[in-house]
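Here the structure comes first, spelled out in structure tokens, and everything after it is commentary.
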Amino acid sequence: MIRIKNIHWFYAALIVFAVALPFSEALISISGVLLLLASIFDRARTPFVQQLKERKGLVWFMGIYLIYLVGFAFTRDLNWGLYDLQKNLPYLIIPLAFLLAKPLREEQILNVLKIFVVAVAGSAAITMLQFYLTDEVSVLRAQEAGFIHHIRFSFQVIFSIIILTVWFAVKRGVLSNRNKKIAGALVIFFLLFLIWHQSFTGIFTFMGTALVGIFLLVPKVKSLRWRRIAWVFILFLLIAPVAYLSYAISRYYDIDVVDETQLEQTTAQGNTYQHDLNNQQIENGHYVGLYWCEKEMKQAWNKRANLKYEDIDRHGYQVKHTLVRYLTSKDLRKDAEGVEQLTEDDIRNIEMGVSNYILANKGLSLYPRLYTTIWELDTYFKTGYANHQSISQRIEYTKAALTIIKDHFWFGVGTGNWKTAYREAYEKNESQMDPARYGDAHNQYLNYMVKFGLIGLLWIVFVIAYPVVISEAYRNPLFLLFLVSMIIANLGDSNFETHVGSSYFALFYCLFLTTQNKKIQ
């Protein structure tokens, strides 16, 4: 029987934390508290002053929380100010726990990383299983499956790929054939999952991190064959995305040539068509505004469908709007004849809120997500409409952030004041967005500048980078690629200010920073 006094409580709490990260926000919160309590219970025998000197990088890292405290002195909204302080507690609790705890052995650190990879793989597998057991008809809904936000989960998947790839590249000679096969299979699974999960932020982060990683790891690989494969992979990473994006854009803008004089004016039933030539919206290259006979379309639809013409579909839109886009996507007219040509699967897709038949795809394809993104941008630049459209809303968020930064460049608006500042910026910009859709910039660097200005952003960069430099922890390729992945990921979202993102970053940052003298790679 294991004696309680012999249990390494901090190590046990780390394992719980590693398992919680891809599964549960609530358990992440509990794990943070457990980690701190375990560190107090498992205090290092080293005198605290000496511990402080040895791990002074952790004290610098707490400077992230310090700037929120300083900014709180200028808050005009106490509730949101307290919310900011509460949300960023991981930058205080986690480094404090590592500061107090006794050191971990190399074997224990490796076990934490292995358990994390297994937990991420398990979460990804369950996510896919749950999705295919539902009645969803579009892979675009895959992002809503899973236990945590898809962007936060994507960079956990990427870090798992980093761990496996670095181990394979550096320790390939000592890995058993069985472990090589397991590592290779997991990497392939994670890559396929990234594509399936449809997170462009995740895919972009992976490609950027992979390019940096290959340049770092190739010199460590002794096999000429594997070095050549690595360079080929670099070319693939550079060429394939550009080629595929070019194909998607070209396909989207392969638009019908319309001769106004040749447009038919009546339906097969003798009713008059409406042709809105000013409507430039398209679906699969076909104009949405042509060949409308709403009376026929409504009657024919209501005869066939359970959801009626003016009902709300599962995504909050009236069925008629989804129906019009779907008919156009199949190059069918918006009349009785067009509705009658829809299959039962088409009817179900429309009732499920699918607006284009190519989006009714549950397979492994990025084209539906690319199509949706191009459609959103096309619609936004033609109409200015951004509501309920991810990429278009991000443009509005960025515009609002830049407006705030222009007026508060050096020191920002302070902790808790960003909500009011953004609302005023949207009003100043005369944004067409619904006030209910107002949000902050999906870019961590812009949001830091909004809150703390350029001075605050530079301070945060400093307290993250300085401990890495003085400890030479950047020599660890795992840690370096972890940092690179987060630098890139923060271009696409404010990950450091989300509960999962801050907890994930603080945990592994502190883990690597306090083990920089160990060969954890």
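Heavy atoms of other residues, nucleotides or ligands lying less than 6.0 angstrom from NZ of Lys181 number 12 at most. Few gaps surround CD on Glu427; more than 12 heavy atoms of other groups in view lie less than 6.0 Å from it. Counting heavy atoms of neighbouring residues, nucleotides and ligands inside a 6.0 Å radius, atom OH of Tyr367 exceeds 12 of them. Sparse packing is recorded around CZ of Phe236, with 12 or fewer heavy atoms of other residues, nucleotides or ligands lying under 6.0 Å away.
For the residue pair Asn356 and Asn284, a side-chain donor N or O sits within less than 3.5 Å of a side-chain acceptor on the partner. Side-chain contact of Tyr326 with Asn349: a donor-acceptor pair under 3.5 Å is present, judged by distance alone. In this structure, a donor-acceptor pair under 3.5 Å is absent between the side chains of Ser154 and His197. A side-chain donor from one of Asn490 and Asn495 sits under 3.5 Å from a side-chain acceptor of the other.
Using a 4.5 Å cut-off on side-chain heavy atoms (C-beta onward), Leu370 and Phe200 make contact. The shortest distance between side-chain heavy atoms of Tyr445 and Ile487 falls below 4.5 Å.
Of the charged side-chain nitrogens involved, none lies within less than 4.0 Å of a carboxylate oxygen, so that Arg304 and Glu340 do not count as a salt-bridged pair. Salt-bridge check for Asp440 with Lys419: failed, with every basic side-chain N at 4.0 Å or more from each acidic carboxylate O. In this structure, Arg141 pairs ionically with Glu144, as a charged nitrogen and a carboxylate oxygen lie closer than 4.0 Å. Between Lys295 and Asp335 there is no salt bridge, since none of the side-chain N atoms of the basic residue sits less than 4.0 Å from a carboxylate O of the acidic one.
The backbone N or O of Gly492 lies less than 3.5 Å from no partner atom in the side chain of Asn443, so there is not a single donor-acceptor pair. For Gln143 (side chain) and His150 (main-chain N/O), no donor-acceptor pair under 3.5 Å exists by modelled atom type. Side-chain N or O atoms of Ser494 include none that pairs as donor or acceptor with a backbone N or O of Glu497 at under 3.5 Å. Although no hydrogens or angles enter the test, the distance criterion places a donor-acceptor pair under 3.5 Å between the side chain of Thr379 and the main chain of Trp375. A donor-acceptor pair under 3.5 Å is formed between the side chain of Trp292 and the backbone N or O of Val288. Although no hydrogens or angles enter the test, the distance criterion places a donor-acceptor pair under 3.5 Å between the side chain of Thr134 and the main chain of Phe131. No donor-acceptor pair under 3.5 Å is formed between the side chain of Arg394 and the backbone N or O of Asp493. Using modelled atom types, no side-chain atom of Ser123 and backbone atom of Ala119 make a donor-acceptor pair closer than 3.5 Å. With Glu351 contributing its side chain and Asn306 its backbone, the two residues share a donor-acceptor pair below 3.5 Å. Proximity of a side-chain donor or acceptor of Tyr448 to a complementary backbone N or O of Val461 within less than 3.5 Å is not detected.
The side-chain contact (heavy atoms from CB on, under 4.5 Å) check on Ala441 picks up Ala401, Tyr422, Leu446, Asn447, with sequence neighbours excluded. Applying the salt bridge (charged side-chain N to carboxylate O under 4.0 Å, His left out) test to Asp346 and every residue at least two apart in sequence or in another chain returns Lys330. Remark: His275 engages Tyr273, Tyr291 in a ring-ring contact (aromatic ring centres under 6.0 Å, His included) (not counting sequence neighbours). Listed by chain and residue number, Ala248, Ile249, Tyr252, Tyr253 satisfy the side-chain contact (heavy atoms from CB on, under 4.5 Å) test with Ile374 (two or more places apart in sequence, or in another chain). With sequence neighbours left out, Asn302 forms a side-chain hydrogen bond (donor to acceptor under 3.5 Å, both in side chains) with no residue at all. In terms of the side-chain contact (heavy atoms from CB on, under 4.5 Å) criterion, residue partners of Gln130 (sequence neighbours excluded) are, by chain and number, Ile126, Phe147. Among residues two or more places apart in sequence or in another chain, the side-chain contact (heavy atoms from CB on, under 4.5 Å) test is passed with Lys382 by Gln280, Asp378. Remark: Arg325 engages Glu283 in a salt bridge (charged side-chain N to carboxylate O under 4.0 Å, His left out) (not counting sequence neighbours). By the salt bridge (charged side-chain N to carboxylate O under 4.0 Å, His left out) test, Lys320 pairs with no residue at all, sequence neighbours left out.
Ring-centre distance between Phe482 and Phe505: below the 6.0 Å cut-off. Taking the centre of each ring, Tyr504 and Phe496 stay at or above the 6.0 Å mark. The six-membered or imidazole ring of Phe155 lies away from that of Phe159, with a centre-to-centre distance of 6.0 Å or more. Taking the six-membered ring where the residue is Trp, the centroids of Phe215 and Trp231 are separated by under 6.0 Å. When ring centroids are compared, Phe479 and Phe508 stay outside the 6.0 Å threshold.
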* Asked: Do Ile64 and Ile464 pass the side-chain contact (heavy atoms from CB on, under 4.5 Å) test, and can you show the C-alpha distance, the side-chain angles, and the key distance before you say yes or no?
  -> CA-CA 8 Å; Ile64 296 177; Ile464 292 174; 3.8 Å; yes
* Asked: Between Glu296 and Thr267, does a side chain to side chain donor-acceptor pair (under 3.5 Å) hold up when you go through it step by step?
  -> CA-CA 9 Å; Glu296 287 187 16; Thr267 71; 2.6 Å; yes
* To do: Please test Gln274 against Cys293 for side-chain contact (heavy atoms from CB on, under 4.5 Å), starting from the C-alpha separation and ending with a verdict.
  => CA-CA 6 Å; Gln274 290 181 327; Cys293 182; over 6 Å; no
* Just do the ring pair (Phe, Tyr, Trp, His ring centres under 6.0 Å) check on Tyr438 and Tyr397 with the steps written out, would you? => CA-CA 8 Å; Tyr438 289 173; Tyr397 296 158; 8.9 Å; no
* Asked: Going through the distances and angles, do Lys298 and Glu310 end up as a salt bridge (Lys or Arg N to Asp or Glu O under 4.0 Å)?
  -> CA-CA 9 Å; Lys298 180 177 180 179; Glu310 294 178 346; 3.8 Å; yes
* Checking side-chain contact (heavy atoms from CB on, under 4.5 Å) for the pair Leu327/Leu342: CA distance, chi angles, key distance, verdict? -> CA-CA 8 Å; Leu327 286 167; Leu342 294 173; 3.8 Å; yes
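One distance of note links CG of Leu323 with CD1 of Ile350; it measures 5.0 Å at 0.5 Å rounding. Distance check: Met352 CE to Ile347 CD1 gives 14.0 Å after rounding to the nearest 0.5 Å. Rounded to the nearest 0.5 angstrom, Leu238 CG and Phe233 CZ are separated by 10.5 Å. With rounding to the nearest 0.5 angstrom, the OG atom of Ser365 is 13.5 Å from the CH2 atom of Trp196.
The salt bridge (Lys or Arg N to Asp or Glu O under 4.0 Å) analysis of residues 242-270, with sequence neighbours excluded, yields the pairs Glu264-Arg333. Applying the side-chain hydrogen bond (donor to acceptor under 3.5 Å, both in side chains) rule to pairs touching residues 201-210 yields nothing, sequence neighbours excluded.
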N/O donor-acceptor pairs under 3.5 Å from side chains in residues 405-415, not counting sequence neighbours:
| residue | atom | partner | partner atom | Å |
| --- | --- | --- | --- | --- |
| Asp407 | OD2 | Lys428 | NZ | 3.3 |
| Thr415 | OG1 | Tyr68 | O | 2.9 |
| Thr415 | OG1 | Phe72 | N | 3.3 |

